[in-house]
Number of protein chains: 2
Amino acid sequence: MAAKTGFIGLGNLGAPIAANILEHRALAVFNRTASKTGPLAAKGAEVCDTIKALAQQCNIVFTMVSDDAALHSLCDGENGLIQNLAAGSIHVSLSTILPQTARDLAARHEQQGQHYIAAPVFGRPEAAVARTLNSAVSGAEAQRKQIEPLLKEAGAAAVWHFGEDAGAANIIKLCGNFLIGSALEAMGESIALAEASGIDAAAMWEMFGKSIFNTPLYHNYSKIVLRKQFDPAAFSAKLGLKDLNLVLQQADSVQATMPLANLLKNNLQQLIRNGGENLDWSALSQAAIAR
Amino acid sequence: MAAKTGFIGLGNLGAPIAANILEHRALAVFNRTASKTGPLAAKGAEVCDTIKALAQQCNIVFTMVSDDAALHSLCDGENGLIQNLAAGSIHVSLSTILPQTARDLAARHEQQGQHYIAAPVFGRPEAAVARTLNSAVSGAEAQRKQIEPLLKEAGAAAVWHFGEDAGAANIIKLCGNFLIGSALEAMGESIALAEASGIDAAAMWEMFGKSIFNTPLYHNYSKIVLRKQFDPAAFSAKLGLKDLNLVLQQADSVQATMPLANLLKNNLQQLIRNGGENLDWSALSQAAIAR
C-alpha cells in the first residue's frame, strides 16, 4: 500500500500546517489554485496535479478547505479522494463543516474500507507557525490514536478526543468559533462604551487581560479590536459568516435556540453588506457601533 | 481627628471583605439589617448603631451596597456619611453604581473637604475569602495611593488605577460585568447546542477550559452552567439585572449601541419573570433555552 502523507488545501491556515508536517516527513500536496503549492515545493513537497494522483500514493491525507461544498468536491466523483484512496487509508479532515457532512463522508469512506477522522483545529495562522494549535478529533479510536502524533507534527500543542461519532469534533469546533465570535462582540461593545464614556479602553483591557480574561485569545483579539486593525485578515468575515451559518444550521437541526449566535450572524452580514467581506472577522465587533 | 476604619454594607461580598480588613486593623461596622453584624462583632469589630456614630469615629469608610439609591441613602441627609465625616476623611466606595452617581458624590464630599475614591471590585464571595479580588480605583491620586494597601488588606490581589475621574472605575466595573454576562450567555448557548447535538458538553468545556478559555472565570462558571446549579446565588439575578440596567443607562447617556447588553438584560428579565430573581445571575444563560 502507498505509504505517503498527503495534504489538500493550502489556504491561510492549511499552508503553515502543511509546512509543519513537511518538517517531519515527505509530503504530497495539492491545491486548486496551483500557484499556492510553490513555497511548499521549494521546501521539498511533491506537488500533485490532481487529487487522484495524490490519493493513489498516500495512505494518510489531510484536507483543509473552506466549506462543506469544497470538501464534497474533492471527495466525490471518479477523480475524487474516496474513489482513489486504497482500503485502510485515513482521511484526516481539518475543515470546519457541518457534523452531518462529516458523518456522511465517514460512511462513504467506510464503504470503501477507508477511515474518516474529523480533526478541526483552533488557532490562527500564527498559532500554526508557533505550534500552539488545539485539535479536536473524533472517529474510530484506532485511527484517532494513529494520527495523534501527526496532528502534533502538524502544530497541535494538544489533541482532544471526542469519541467515535465522526461529527462530534465538528460540533466542538462550531461551538468554539461561536464562543470566540461572542467574545469579539463583547470586546467591541465594551470598548465602544468605554471610549464613548471618555475612558482609556486600552488601559481597561490591560486590566482585564491580566485578570478576569487572562488568555492569549483575549490578549490578541483585544489589541486588534482596540486598534481596529482588521486588514489583512487572518480569518475573513466571509469565512466567519460561513461558520455562523453552520452554527445556526446545526442549532436548527437540533432545535436549539441561540440568540447570541443570531446577533453575530447579523453583525457579519451587515459588515459584508458594508463591503467588509475580506476584513478579519473580528471586525464583526464594530457592526453594532456603526448601526 | 478620628482615625478608625469603618465598613458599611455587610452583604454577600461586603461581609468577607470586611472580615479580611478586620484581620489587619480595628474596624467599626454598620449594616441596615443589624443581625448581619454578628459574625464580625464576634471577631472583634465594633458595631455602630447608626451611620452617624460610625462616621464620627472613622477617617476611612468603606461602603458596599446594592445600588445607587442605597448609596445615596447612606451618604445623604443630616445623619448621613457626608454630614458626619471629618474633613480629610476618605470614602472608599466599593459598590457597582453609575459613574455619574460617583461623580456627584465625589463633588459633595469635596465640598466638605473630604475625599471620595471609587473602588469597585471584581470577584465572587469565594474570591474575597481567597483574597483574589481585582480592584479598579479612580479619584484623587494621593488618596488612591493611600488606600491601596487597605484594598490589599481587603482581599484585592491587584489594584488597577484609572485616573482622577471618580466615575472611571465604575465604567470599568460596568464593562467587566457586561463582559462576564456575555461569557455566561455564550457558555449557555454552546452547552445547549452541544447537548442537543448529543455531545458531552462537560468534555467540551474540559477542552475549552484548558485551551482557548483557560481562566478561573470560565472554569468556575462553566461548571455552574453545566450543572445548572444556580441556587444558592453568589450574585443574584436581581443584582445582575440592576447592573445590566446601569450598563444600558450609561450606554444611552453616551450614545453607545450595545445589542449584546440588551440581549443579556432581556434574558435576566425573562429569568426574573419566571421566578428566578434569587437564583445566581449565571442562570441568565438558560433564559434563551427555555424560550
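All values derive from a computational prediction rather than experimental measurement.
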### Query
For chain B, which residues from residues 123-157 of chain A lie under 4.5 Å away (heavy-atom distances)?
A:N134, A:S135, A:A136
### Task
List the atom of A:L193, the atom of B:C175, and the distance in Å for their closest heavy-atom pair.
CD2-SG, 3.9 Å
### Query
With a 4.5 Å heavy-atom cut-off, do A:M258 and B:S190 have their side chains touching?
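No, every pair of side-chain atoms sits at 4.5 Å or beyond.
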### Query
Is there a side-chain contact between B:E189 and A:S182 (heavy atoms, below 4.5 Å)?
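No; the side chains remain at least 4.5 Å from each other.
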### Task
Could you look at B:A158 and say if it's the side chain, the backbone, both or neither that has a heavy atom under 4.5 Å from chain A?
neither
### Message
With a 4.5 angstrom heavy-atom cut-off, is it the side chain or the backbone of B:I191 that approaches chain A, or both, or neither?
### Response
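For B:I191, there is no contact with chain A at all, as no heavy atom is under 4.5 Å.
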### Task
Mind ranking B:G176, B:G167, B:A183 by heavy-atom pairs under 4.5 Å with chain A and telling me who comes out on top?
B:G176
### Query
Any idea which of B:G188, B:A251, B:A261, B:A186 has the most non-hydrogen atom pairs under 4.5 angstrom with chain A?
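Option with the top pair count is B:A186.
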### Query
What residues of residues 194-220 of chain B sit under 4.5 Å from chain A when only non-hydrogen atoms are counted?
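Within residues 194-220 of chain B, the residues under 4.5 Å from chain A are B:A194, B:A196, B:S197, B:I199, B:A203, B:M204, B:W205, B:E206, B:M207, B:F208, B:K210, B:S211, B:I212, B:F213, B:N214, B:T215, B:L217, B:Y218.
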### Task
Flag the one option from A:D165, A:L179, A:L264 with the top tally of heavy-atom pairs under 4.5 Å to chain B.
A:L179
## Note on the structure
Here the gap from A:M187 atom CE to B:L260 atom CG, rounded to the nearest 0.5 Å, amounts to 12.0 Å
